[in-house]
Amino acid sequence: MLSWQVVEHGRPLQKALTETPKPQGTEVLMRITRSGVCHSDLHIWDGYFDLGGGKRFYVKERGCVPPFTLGHEPFGVVEALGPRARGVRVGQKRLIYPWIGCGKCAVCKAGQDNYCVSGSRFLGVNRPGAYATHVIVPDAKYLIDTGGIDDSFAATLACSAVTAYSATAKLPAMNPADSVAVLGCGGLGLIGVSILKAQGVKKIVACDIDEGKLAAAKKQGATKTVNSRADDALPQMQGVAAAIDFVGSPATAALGIAALRKGGRYIICGLFGGELVHPLPPIAQRAIGIVGSYVGSLQELKEVVALAKKGKLRPAPVETRPADEANAALEDLKAGRVVGRVVLDFESVAA
Ligand SMILES: [Zn+2]
Ligand SMILES: [Zn+2]
């Protein structure tokens with residue numbers, strides 16, 4: 001198999017030829033055909049998350065030690081089954097749920113693999129990911145039939161769409177006149193706008209610093225756009241019932257929290273980095289909620305796929321590029337040159 005590996009943090013990925021693993025037990029060997037490029041890949045590539053105040057969280061503490069293969073938006077074809085694998089056949093196309101837990105703890109048993117407390121096996125985070133021609137999946141239950149949806153778009157459901165979907169599941173009780181702000185209109189934010197619309201939210205305020213991304217948000221169904229660099233950005237947004245922060249920077253957090261109406265909720269799933277410094281009394285006086293959301297559960301991904309199959313999700317612009325352009329794709333994402341999502345094509349790669 002071929003994989004595009006981080007051999008040194010922050011340096012270009014290198015193509016490596018290694019032996020293709022054989023599936024054991026309930027494992028399934030998938031031949032990867034598509035793999036989405038996500039913003040959090042940039043952090044893992046760099047080797048750390050910025051915690052603000054000069055502090056960092058190093059990904060090596062979670063098992064991301066080079067050589068390491070990125071990629072947590074995997075889509076492929078079943079290539080081989082372990083002796084105890086059930087539920088799929090060789091040749092079937094499947095989306096792979098990447099947020100795999102230990103499978104044994106109470107949290108995993110309750111279907112919340114993404115919040116596993118005793119040993120996550122997240123593909124492309126704790127385990128080799130899908131910037132590769134092959135990936136081992138521990139059990140066929142993590143494979144989802146996306147028949148009828150474009151393969152590249154299907155790949156992006158595994159992280160960007162399910163993350164946005166799980167964040168919208170944390171909205172507060174709302175009345176019909178309420179509006180929801182979407183902070184950051186990259187790949188996640190754009191699909192977030194589309195999900196909010198599918199859920200019947202009538203007023204969606206899209207915020208970004210990039211006019212091109214705001215125009216894309218409008219196409220997705222945003223009813224109002226705000227350039228968050230504008231002097232009057234806050235008054236333009238004031239009174240939202242919820243602000244979903246797909247960036248997660250000190251600036252977006254300050255704007256999102258300040259814009260909430262009483263009883264509103266700030267939901268953060270972006271991992272840009274930094275720290276939150278906020279006066280405590282107003283959190284109580286305004287009865288606001290500050291909630292984190294991290295990727296999504298297997299059930300939530302199935303619900304996202306069902307929405308997409310019904311045509312209720314408008315794909316954010318998806319650009320499919322050959323696998324050999326992995327480094328250029330990461331550089332473009334880092335430089336803010338990507339509107340929507342880049343998906344790498346591993347189909348034509350000879351393994
Ligand atoms: Zn991601
Ligand atoms: Zn677990």
Side-chain angles (χ1 to χ4, degrees), residues 4 6 26 32 34-49 57 59 62-64 68-75 95-132 135 137-139 141-142 152-167 184-192 195 244-248 268-273 292-301 304 315-316 318 326 329-330 332-334 338 340-344:
W4 280 250
V6 177
T26 60
I32 296 297
R34 296 284 189 278
S35 188
V37 179
C38 176
H39 216 275
S40 57
D41 285 331
L42 295 178
H43 298 291
I44 304 170
W45 184 33
D46 281 338
Y48 64 89
F49 289 83
F57 170 76
V59 297
R62 255 192 227 161
C64 294
F68 185 79
T69 308
L70 295 168
H72 56 260
E73 290 191 343
F75 185 92
L95 172 65
I96 305 166
Y97 175 77
W99 313 110
I100 299 169
C102 72
K104 297 186 185 101
C105 73
V107 178
C108 281
K109 283 190 171 150
Q112 294 279 339
D113 277 62
N114 53 316
Y115 297 138
C116 172
V117 293
S118 82
S120 319
R121 298 179 287 176
F122 296 172
L123 300 181
V125 181
N126 316 93
R127 289 285 184 277
Y131 287 13
V135 156
V137 179
D139 194 291
K141 74 175 181 183
Y142 298 113
S152 291
F153 175 48
T156 69
L157 302 180
C159 180
S160 61
V162 80
T163 297
Y165 186 80
S166 194
C185 297
L188 267 82
L190 290 180
I191 200 84
I195 289 169
I244 307 181
D245 192 348
F246 292 102
V247 181
I268 174 169
C269 55
L271 297 169
F272 179 87
S293 189
Y294 185 63
V295 299
S297 67
L298 177 59
Q299 178 57 31
E300 285 174 322
L301 182 54
V304 167
V318 173
L330 286 171
D332 286 346
L333 188 60
K334 194 170 200 168
V338 175
R341 213 61 165 170
V342 171
V343 174
L344 298 172

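Not measured: the values here are computed from a predicted model. FYI, the numbering just counts along the sequence from 1. Whatever order the structure lists them in is the order used to number ligands and atoms, beginning at 1. When reading the values below, keep in mind they use all heavy atoms of this one structure, side chains included, and skip hydrogens, waters and symmetry mates.
- The Zn ion (ligand 1) has an N, O or S atom of Cys159 under 2.8 Å away, backbone or side chain.
- Rounded to 10 degrees, the SG-metal-SG angle spanning Cys105 and Cys102 at the Zn ion (ligand 2) equals 110°.
- Vertex the Zn ion (ligand 2); arms to Cys108 atom SG and Cys116 atom SG; angle 100° (nearest 10°).
- Here the straight-line distance linking atom CZ of Phe246 with atom OG1 of Thr163 works out to 8.5 Å at 0.5 Å rounding.
- Side chains of Asp41 and Tyr131: a donor-acceptor N/O pair is present below 3.5 angstrom, by distance only.
- With the Zn ion (ligand 1) as the vertex, atom SG of Cys38 and atom NE2 of His72 span an angle of 110° (nearest 10 degrees).
- Tyr142 and Tyr97 have parallel rings, their planes meeting at less than 30° on a 0 to 90° scale where 60° marks the start of perpendicular.
- Taken from OG in Ser160 to CD in Glu73, the straight-line distance is 4.5 Å, to the nearest 0.5 Å.
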